[in-house]
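All values derive from a computational prediction rather than experimental measurement. As a basis for the values below, the full set of heavy atoms in this structure was taken, side chains included, without hydrogen atoms, waters or symmetry mates.
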Amino acid sequence: MSSNHTQLLERDALGRLVYIDANGHHHVGVHPVRAFPITAHDAGIGIMDQSGKELHWYPDLANIPVAELAMIEEDLAAREFMPVIEKITKVSTFATPSIWDIETDRGPNRIRLKGEEDIRRIAGNTLLIADSNGLQFLIKDSTQLDKVSKKILDRFR
């Protein structure tokens with residue numbers, strides 16, 4: 001971006017993100033979306049309108065002005081709640097549906113797994129587990145889990 005960058009993002013009186021395009025048109029209620037939220041967290045961010053159309057692309061987070069980056073990060077943090085599973089302590093049954101007791105980076109939790117298809121491999125040994133309420137839980141590297149957690153997980157994959 002050039003050094004004469006004009007601000008592209010601001011917040012309105014209701015706290016919504018507003019994107020200002022090259023023609024000065026204000027797009028209210030936009031939201032940032034990471035290109036690769038799990039595998040390449042800082043690879044690029046698109047600013048999307050409410051219908052999902054991309055209005056602007058930031059290829060490199062390092063080139064986003066600090067004030068705009070703060071607004072983007074704040075918005076992403078509110079929508080990217082994804083606890084990391086550190087340990088699977090117990091499952092109610094090895095068939096689905098089943099109840100899992102887990103330890104996450106945000107504390108202990110209990111989730112309900114509807115089916116084996118709710119465990120998805122993202123890349124390498126990274127897994128995404130969706131509970132019955134639609135919450136996403138991340139296992140960054142399944143090979144780094146303790147022996148009991150690995151044994152439980154292997155029964156479902």
| request: Please check if the side chain of Thr126 supplies one atom and the backbone of Asp141 the other of a donor-acceptor pair under 3.5 Å. | output: no
| query | With a cutoff of under 4.5 Å between side-chain heavy atoms, which Ile, Leu, Val, Met, Phe, Trp and Tyr residues group with Val33? | reply | Met48
| query | Which distance, rounded to the nearest 0.5 Å, do you find between the CD of Glu86 and the NZ of Lys140? | reply | 8.5 Å
| message | Does any part of the side chain of Leu128, heavy atoms only, come nearer than 4.5 Å to the side chain of Leu138, both counted from C-beta? | response | yes
In residues 70-78, what donor-acceptor pairs under 3.5 Å come from side-chain atoms, sequence neighbours left out?
residue, atom, partner, partner atom, Å
Glu73, OE1, Arg34, NH2, 3.3
Glu74, OE2, Arg11, NE, 3.4
Glu74, OE2, Arg11, NH2, 3.0
Asp75, OD2, Arg79, NE, 3.4

| note | Of all heavy-atom pairs linking His25 and Asp21, the shortest is N-OD1, 2.8 Å
| request: Kindly say whether the aromatic ring centers of Phe137 and Trp100 come within a distance under 6.0 Å. | output: no
| request: Could you tell me whether Asp49 and Lys53 make a salt bridge, using a distance below 4.0 angstrom between a side-chain N and a carboxylate O? | output: no
| field | Donor-acceptor contact present, side-chain Asn133 to main-chain Leu135, <3.5 Å | value | no
| request: To the nearest 0.5 Å, tell me how far Ile20 CD1 sits from Leu9 CG. | output: 7.5 Å
| said: As an exercise, state the distance from CD of Gln136 to CE of Met82, rounded to the nearest 0.5 Å. | reply: 6.0 Å
| Can you list every side-chain hydrogen bond (donor to acceptor under 3.5 Å, both in side chains) pair that touches residues 104-121, not counting sequence neighbours? | Asp101-Arg110
